[in-house]
Amino acid sequence: MDNVIVVASGKGGTGKSTVCICLSVALVKQGKKVLLIDCDCGMRGLDIMLDMEQDILFDASDAVCGNCSFQEAVYKSKNNDNLYLMAAPFDTENELSPSVFKQLVNSLKGDYDFVIIDSPAGIGSGFVTAAAPADRALIVSNAEPTSVRGGVKVRKKLEALGVSNIRLVLNRFDRKVFTQLGFYNDLDDVIDATQTQLIALVPFDIRISVIMQRGAAGLNWSAASSVFDCLALRLSGERVPLAFKG
């Protein structure tokens with residue numbers, strides 16, 4: 001099974017890292033063993049969102065530089081059995097090259113059912129590194145023009161890098177706000193504009209951001225959890241309908 005998934009976005013602020021964690025937790029709930037890799041070099045945040053900031057001694061750059069073994073740079077979540085984290089380098093000068101990162105992931109992925117890679121926003125060097133080992137990709141976008149345009153650029157770059165299995169996650173969707181803003185006639189227009197098949201529509205829920213910033217990810221905190229349960233099933237190959245249709 002293609003179990004290495006890069007999660008990307010064209011611009012910051014789409015909720016990409018939150019999607020990474022919520023998806024990882026949903027997969028764990030379904031009995032999967034998951035490695036979550038933060039690839040946002042210099043701007044890592046998954047350790048805070050998982051309440052693991054004080055646990056991190058080694059990161060991905062330490063592993064490839066020989067400061068520790070690959071396994072020593074992987075940390076088990078305190079709140080989620082079978083969820084593991086590898087942190088991004090704290091400093092941008094320690095960013096891994098695509099080839100080195102691919103070797104690192106290839107050496108680890110056999111121990112997990114899924115490897116979820118949180119890419120930095122945009123299509124810069126960090127994104128290219130994050131995408132290097134990916135079998136498939138999720139593009140996280142909001143239903144507004146700048147986010148959608150960025151998502152299209154991400155899709156084209158992924159295809160240029162050889163990643164063709166790409167799906168769209170529309171995040172933070174609020175029907176009332178969507179209608180009031182009037183950027184698009186309906187959801188089909190958004191999907192058509194992104195040129196990417198929709199795999200999940202996530203409702204807006206302010207509680208998600210609040211709880212993530214408190215490091216309490218993994219608890220049954222939001223009605224959106226059913227959406228991520230459905231997304232996890234879909235990524236595991238099961239045919240299930242969208243849990244939320246807007």
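Keep in mind that the numbers below use all heavy atoms, side chains included, and drop hydrogens, waters and symmetry copies. As the structure is a computational prediction, the values presented were derived from the model and not from experiment.
Linking ILVMFWY residues whenever their side-chain heavy atoms come closer than 4.5 Å, directly or via other members, leaves L23 and L233 in distinct clusters. No continuous path of hydrophobic side-chain contacts links I191 to V152 [ILVMFWY only; heavy atoms under 4.5 Å].
The number of heavy atoms from other shown groups lying within 6.0 Å of CZ (R149) does not exceed 12. Sparse packing is recorded around NZ of K157, with 12 or fewer heavy atoms of other residues, nucleotides or ligands lying under 6.0 Å away.
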_L161 and V128: CA distance, side-chain angles, deciding distance, side-chain contact (heavy atoms from CB on, under 4.5 Å) verdict_ = CA-CA 8 Å; L161 294 170; V128 175; 4.3 Å; yes
*Can you check side-chain contact (heavy atoms from CB on, under 4.5 Å) on N142 and L170, steps first, answer last?*
CA-CA 5 Å; N142 306 134; L170 276 177; over 6 Å; no
*Evaluate the criterion side-chain contact (heavy atoms from CB on, under 4.5 Å) for residue pair V19 and N171; output intermediate values, then yes/no.*
CA-CA 8 Å; V19 167; N171 196 30; 3.9 Å; yes
*side-chain contact (heavy atoms from CB on, under 4.5 Å) between I139 and V169, worked out*: CA-CA 6 Å; I139 297 175; V169 176; over 6 Å; no
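Not a single donor-acceptor pair under 3.5 Å links the side chain of D174 to the backbone N or O of F204. The main-chain N or O of P203 is never found under 3.5 Å from a side-chain atom of R172 such that the two would form a donor-acceptor pair. Under the 3.5 Å distance criterion, the side-chain polar atoms of T196 are left unmatched by any main-chain donor or acceptor of L168. At least one donor-acceptor pair under 3.5 Å links the side chain of D186 to the backbone N or O of D189. Under the 3.5 Å distance criterion, the side-chain polar atoms of T129 are matched with a main-chain donor or acceptor of S125. Side chain of N3 to main chain of Y112: a donor-acceptor pair is present (N/O by atom type, distance under 3.5 Å, no hydrogens or angles). In this structure a side-chain-to-backbone donor-acceptor pair under 3.5 Å is present from D62 to D59. The backbone N or O of F58 sits less than 3.5 Å from a side-chain atom of Y75, completing a donor-acceptor pair.
Looking at L104, N106, V100 one by one, the single match for side-chain contact (heavy atoms from CB on, under 4.5 Å) with K102 turns out to be N106. Under the side-chain contact (heavy atoms from CB on, under 4.5 Å) rule, M86 has a single partner from V115, L108, I117, L36, which is L108.
Among all heavy-atom pairs drawn from C20 and V7, the shortest one is SG-CB, 3.5 Å. Across every non-hydrogen atom of A193 and V148, the tightest pair is CB-CG1, 3.7 Å. Here the shortest heavy-atom pairing between G12 and A121 reads N-CB, 3.6 Å. In terms of heavy-atom proximity, V240 sits nearest to C230 at CG2-SG, 3.6 Å. Here the closest non-hydrogen pair linking A143 and F183 is O-CD1, 4.3 Å.
Screening residues 4-25 for salt bridge (Lys or Arg N to Asp or Glu O under 4.0 Å), with sequence neighbours left out, gives K11-E144, K16-D118. The salt bridge (Lys or Arg N to Asp or Glu O under 4.0 Å) contacts involving residues 228-240 comprise K29-D229, where partners must be two or more places apart or lie in separate chains. Screening residues 71-81 for salt bridge (Lys or Arg N to Asp or Glu O under 4.0 Å) gives D51-K78, D55-K78, K76-D81 as the qualifying pairs, with residues at least two apart or on separate chains.
Within the 4.5 Å cutoff, the side chain of D40 has no heavy atoms near those of the S119 side chain. With contacts defined as side-chain heavy-atom distances shorter than 4.5 Å, the pair L235/I5 qualifies. No side-chain heavy atom of C39 sits under 4.5 Å from any side-chain heavy atom of F127. No side-chain heavy atom of I166 sits under 4.5 Å from any side-chain heavy atom of R136. Between L158 and V6 the shortest side-chain heavy-atom distance falls below 4.5 Å. Looking only at side-chain heavy atoms (C-beta outward), D113 and L27 stay at 4.5 Å or farther from each other. Looking only at side-chain heavy atoms (C-beta outward), L198 and L242 come within less than 4.5 Å of each other. A 4.5 Å side-chain heavy-atom check between S24 and L35 finds every atom pair outside the cut-off.
Rounded to the nearest 0.5 Å, atoms CG (L138) and CG (N165) are 9.0 Å apart. Between K153 atom NZ and I123 atom CD1 the span is 6.5 Å, to the nearest 0.5 Å. Once rounded to the nearest 0.5 Å, the distance linking CD of Q180 with CZ of R175 reads 12.0 Å. Of the inter-residue distances, the one linking F101 atom CZ with E95 atom CD reads 10.5 Å to the nearest 0.5 angstrom. Between the CG atom of L231 and the OG atom of S226 there is a distance of 11.5 Å, given to the nearest 0.5 Å. One distance of note links CG of L50 with CG of N80; it measures 7.0 Å at 0.5 Å rounding.
The cationic atom of K33 (NZ for Lys, CZ for Arg) lies less than 6.0 Å from the six-membered ring centre of Y84 and within 45° of the ring axis.
Every ring pair (Phe, Tyr, Trp, His ring centres under 6.0 Å) that F178 has, sequence neighbours left out, goes to F173. Looking at residues two or more places apart in sequence or on another chain, you find no ring pair (Phe, Tyr, Trp, His ring centres under 6.0 Å) involving Y184. With sequence neighbours excluded, no residue forms a ring pair (Phe, Tyr, Trp, His ring centres under 6.0 Å) with F70.
Residues S147 and S141 bring a donor and an acceptor atom of their side chains to less than 3.5 Å of each other.
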